[in-house]
Each structure stands twice: as structure tokens, then as C-alpha cells.
Amino acid sequence: MQELRRKHGPAPFRPNPFKTEPPFPTLVSSIVGQQLSGKAAETIWKRLAAQFAIEPEVLYTARLEDLRAIGLSNAKARYVQDLSRFTQEGGLDGIESQSDDEVIRHLTQVNGIGVWTVQMFLMFGLGRPNVWPILDLGIRKGAEKLYGITERPGLEELGERFRPYRSHAAWYLWRVLEAD
């Protein structure tokens with residue numbers, strides 16, 4: 001990890017400087033990117049942002065056919081609209097002050113938002129330093145490459161080594177894969 005830190009610099013989470021992103025567009029972006037390559041997700045995100053304001057009022061009232069036309073699946077279009085409804089009802093109010101576990105419980109009420117999506121939001125939307133997303137394939141592959149760990153118990157144990165900066169360790173595990 002020390003070598004990775006020297007090579008890539010500080011991870012973008014607290015206590016290091018990080019760019020705060022508003023919750024709603026961050027979560028919409030996460031839904032758009034689920035199970036897609038980064039390039040495909042970016043293409044669809046650009047189309048979405050070009051055609052619609054990324055605001056809950058706008059996306060909630062958008063026609064499903066129009067959301068589908070920019071590349072969202074039927075399911076993802078419905079997920080974006082459910083998140084929009086949830087947001088309009090105050091579902092994201094005060095989320096920054098909730099604990100990680102509270103945020104996970106709260107946001108997984110929204111259709112299309114699972115634990116992985118919330119973990120990415122905690123890390124990249126809120127800059128939380130102690131998230132350990134072992135559901136992420138990149139984390140699992142990075143841990144295998146760097147430490148030879150493939151099973152969940154080993155991943156959980158590995159994460160304990162990095163507490164309270166597990167987000168930082170996760171970020172460096174992703175960097176391990178970039179060398180390939």
C-alpha cells in the first residue's frame with residue numbers, strides 16, 4: 001500500500017481534500033453506471049445531461065420512452081424516476097449527517113439502489129473514509145492480485161487492517177488493476 005500511495009498520491013477521501021458532489025446527481029450517475037463499462041456509462045450520462053436537467057422534478061416527469069431513447073434500460077429509467085420521487089419527498093434531506101449504516105438502510109429503500117451503489121455514494125459523493133466495498137469486483141480482483149485473497153472472510157479481515165481508512169485502501173486496490 002505504501003508503494004501505491006507514493007505512486008498515486010493521496011486517496012480522494014477525508015481527511016484528504018475531496019470534491020463534494022450533490023447527492024441527487026451523484027446517485028443518478030451511479031444508477032446510470034450500474035453494470036456498464038465506464039465508457040458506456042459516460043456516453044449515456046452525457047446524453048442524459050444534454051437532454052434533461054439533472055433535477056428530481058425534471059426526471060420524475062420525464063417520459064420513460066425519452067429516458068429509454070438516450071440509452072437507459074427500462075429498469076434504470078424507472079429507478080431514476082423512483083429516486084426522483086424519493087428526493088422530492090425529502091428522502092435526501094440531511095443525508096450527509098447520517099452514519100454510513102443509516103445511509104445504507106435509508107437509500108436501499110429506493111428501487112435500483114443497492115448496497116454497492118450506496119457504498120460508492122458514501123465514498124465518492126460524501127468522501128467517507130471508512131467504506132469497505134467488498135461487493136465490488138475491482139476490490140476483489142485487486143485484493144487477489146496484491147494479497148492473494150479471494151474469499152469473503154479474508155476480504156473482511158483485510159479490511160480490518162485498514163480501519164478507519166478502508167475507503168483509501170479500496171481506492172488503492174482499484175489502482176492496482178489500472179496497471180493491467
Side-chain angles (χ1 to χ4, degrees), residues 1 5 10-36 38 41-42 44-45 48-49 52-62 67 72 75-140 142-143 152-153 155-175:
M1 280 291 171
R5 187 179 191 326
F13 313 109
R14 290 186 183 115
N16 300 328
F18 70 97
K19 185 178 180 199
T20 303
E21 300 290 342
F24 181 73
T26 300
L27 288 165
V28 172
S29 176
S30 292
I31 289 171
V32 168
Q34 291 170 350
Q35 300 180 349
L36 293 177
E42 183 179 345
I44 294 170
W45 175 259
L48 180 67
F52 300 97
I54 309 299
E55 298 171 2
E57 309 78 32
V58 172
L59 294 176
Y60 182 69
T61 58
L67 293 172
L72 290 176
K76 285 185 184 182
R78 283 184 280 131
Y79 299 160
V80 166
Q81 288 192 322
D82 194 44
L83 173 62
S84 299
R85 174 204 51 80
F86 182 80
T87 303
Q88 288 180 304
E89 292 172 354
L92 297 181
D93 295 348
I95 200 147
E96 296 89 351
S97 63
Q98 295 178 3
S99 73
D100 293 355
D101 288 339
E102 288 171 325
V103 174
I104 290 170
R105 279 192 300 276
H106 187 67
L107 289 180
T108 54
Q109 297 175 70
V110 178
N111 289 323
I113 295 183
V115 172
W116 178 87
T117 301
V118 180
Q119 288 175 327
M120 296 303 108
F121 170 69
L122 287 166
M123 293 171 73
F124 296 104
L126 300 179
R128 299 283 175 91
N130 195 35
V131 179
W132 190 234
I134 60 172
L135 298 173
D136 185 84
L137 182 60
I139 297 302
R140 295 194 315 263
R152 184 181 185 110
L155 289 167
E156 290 171 354
E157 186 178 320
L158 178 64
E160 291 307 309
R161 289 178 45 188
F162 301 112
R163 190 179 288 276
Y165 297 108
R166 295 182 301 173
S167 298
H168 299 244
W171 191 79
Y172 291 118
L173 287 176
W174 285 315
R175 305 290 77 78

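Between the side chain of Y172 and the main chain of A11, a donor-acceptor pair closer than 3.5 Å is present. Between the side chain of N111 and the backbone N or O of D82 there is no donor-acceptor pair closer than 3.5 Å. Between the side chain of R161 and the backbone N or O of E157 there is no donor-acceptor pair closer than 3.5 Å. Checking side-chain atoms of T26 against main-chain N and O of P22 turns up a donor-acceptor pair under 3.5 Å. Side chain of S167 to main chain of V131: a donor-acceptor pair is present (N/O by atom type, distance under 3.5 Å, no hydrogens or angles).
Annotation for F24 and S84: closest pair CZ-OG, 3.5 Å, computed over non-hydrogen atoms. When every heavy atom of W132 is checked against every heavy atom of R166, the shortest pair comes out as CE3-O, 3.5 Å. Here the shortest heavy-atom pairing between A53 and L59 reads O-CG, 4.0 Å. Nearest approach of L48 to V32, heavy atoms of both residues: CD2-CG2, 4.1 Å. Shown here for L72 and V80, the closest heavy-atom pair between the two residues is CD1-CG2, 4.4 Å. Contact between L155 and A143 at its shortest, heavy atoms only, is CD2-CB, 3.4 Å.
Ring orientation note: the planes of H168 and F13 are nearly perpendicular, at an angle over 60° on the 30°/60° scale.
In this structure the side chain of L92 reaches within 4.5 angstrom of the side chain of L27, judged on heavy atoms. For the pair V110/T87, no side-chain contact is recorded, criterion being any heavy-atom separation below 4.5 Å from C-beta on. Considering only heavy atoms from C-beta on, P56 stays 4.5 Å or farther from F86 through its side chain. Side-chain atoms of I139 and W174, non-hydrogen and from C-beta on, do get closer than 4.5 Å to each other. For the pair I95 and E102, the minimum side-chain heavy-atom distance is 4.5 Å or more. Looking at E96 and P23, their side chains come closer than 4.5 Å, going by heavy atoms from C-beta outward.
Crowding of Y60 atom OH: a count of heavy atoms from other residues, nucleotides or ligands under 6.0 Å not exceeding 12. Residue E160 places its CD atom among more than 12 non-hydrogen atoms of other residues, nucleotides or ligands, all under 6.0 Å distant.
Taken to the nearest 0.5 Å, the OG atom of S99 stands 7.5 Å off from the CZ atom of R128. How far CD1 of I44 is from CG of L36: 5.0 Å, rounded to the nearest 0.5 Å. Separation of atoms CG (L83) and CD (Q88) is listed at 10.0 Å; rounding is to 0.5 Å. Separation of atoms OG (S29) and CD1 (I54) is listed at 9.0 Å; rounding is to 0.5 Å. The CD atom of E55 lies 10.5 Å from the OG1 atom of T61; values are rounded to the nearest 0.5 Å.
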If you apply the rule side-chain contact (heavy atoms from CB on, under 4.5 Å), what do you find for N16 with Y165, and how did you get there?
CA-CA 11 Å; N16 300 328; Y165 297 108; over 6 Å; no
For the pair L173 and R140, evaluate side-chain contact (heavy atoms from CB on, under 4.5 Å) and give the outcome as yes or no after the intermediate values.
CA-CA 9 Å; L173 287 176; R140 295 194 315 263; over 6 Å; no
Solution key, residues 116-126 side-chain donor-acceptor pairs under 3.5 Å, sequence neighbours excluded:
residue, atom, partner, partner atom, Å
W116, NE1, D136, OD1, 2.8
T117, OG1, Q34, NE2, 2.9

